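First up is the structure itself, then whatever we jot down about it.
None of the values given here were measured: they were computed from a predicted structure.
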Amino acid sequence: MPHDNGEKAMQFAIKYERRRTGETPDDVSREGRGYDLESKDRLIEVKGTDHVNGGLVISLYKKLLTKLGKDIVKYHIYLIYDMRREPKLKILTPEFIFA
């Protein structure tokens, strides 16, 4: 059983993606790509927090935008919040992130 928020959030996101696509996403979190999971049509950054309302400040670096290039339209942030009680998922789409 995962112990920290990062690991718990990753497991939550992986389970969600399995249900969404029918496939297991690739964990690329240790490869320095600027995101954690590669799924069918998404590059996913996973963030976890105990906050019950999802309140979390997320910073994006210009280097990431350059690295993503044309794949910027696939970049999603999965915010898993209220992790202590009942984890919930908020998906931030590219249209929302880069508006």
Are any of the side-chain nitrogens in [X] or [Y] under 4.0 Å away from the carboxylate oxygens of its partner?
| X | Y | value |
| --- | --- | --- |
| R33 | E38 | yes |
| D41 | R20 | yes |
| K40 | E23 | yes |
| E45 | K47 | yes |

Taking the side chain as C-beta and beyond, is there a heavy-atom pair between [X] and [Y] under 4.5 Å?
| X | Y | answer |
| --- | --- | --- |
| T24 | E17 | no |
| P94 | K74 | no |
| L79 | L89 | no |
| I72 | K70 | no |
| L65 | Y75 | no |

Residue pair [X] / [Y]: nearest heavy atoms and the distance that separates them:
| X | Y | answer |
| --- | --- | --- |
| G48 | A9 | CA-CB, 3.8 Å |
| Y35 | I44 | CB-O, 3.6 Å |
| G32 | K67 | O-NZ, 2.6 Å |
| T93 | H76 | CA-CD2, 4.0 Å |
| R42 | Y16 | NH1-CE2, 4.5 Å |
| I80 | F12 | CG1-CD2, 3.5 Å |

Report yes or no: do [X] and [Y] belong to one cluster of Ile/Leu/Val/Met/Phe/Trp/Tyr joined by side chain heavy-atom distances under 4.5 Å?
| X | Y | value |
| --- | --- | --- |
| F98 | L64 | yes |
| L37 | M83 | yes |
| F96 | I91 | no |

- Query: Looking only at atom types and distance, does a side-chain atom of D26 sit under 3.5 Å from a main-chain N or O of V28, one as donor and one as acceptor?
  - Reply: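 Not at all, since once roles are kept as given, no pair shorter than 3.5 Å links the two residues.
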field: Heavy-atom donor-acceptor pair, D36 side chain to V46 backbone, under 3.5 Å
entry: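 Indeed, once roles are kept as given, a pair shorter than 3.5 Å links the two residues.
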**Message:** Within this structure, what is the OG1-CZ distance for the pair T49 and R84, rounded to the nearest 0.5 Å?
**Reply:**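 Rounded to the nearest 0.5 Å, the OG1-CZ separation comes out at 9.5 Å.
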- Message: Looking at K88, I want to see if its NZ is surrounded by more than 12 non-hydrogen atoms of other residues, nucleotides or ligands under 6.0 Å.
- Response: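 Count over threshold, so yes.
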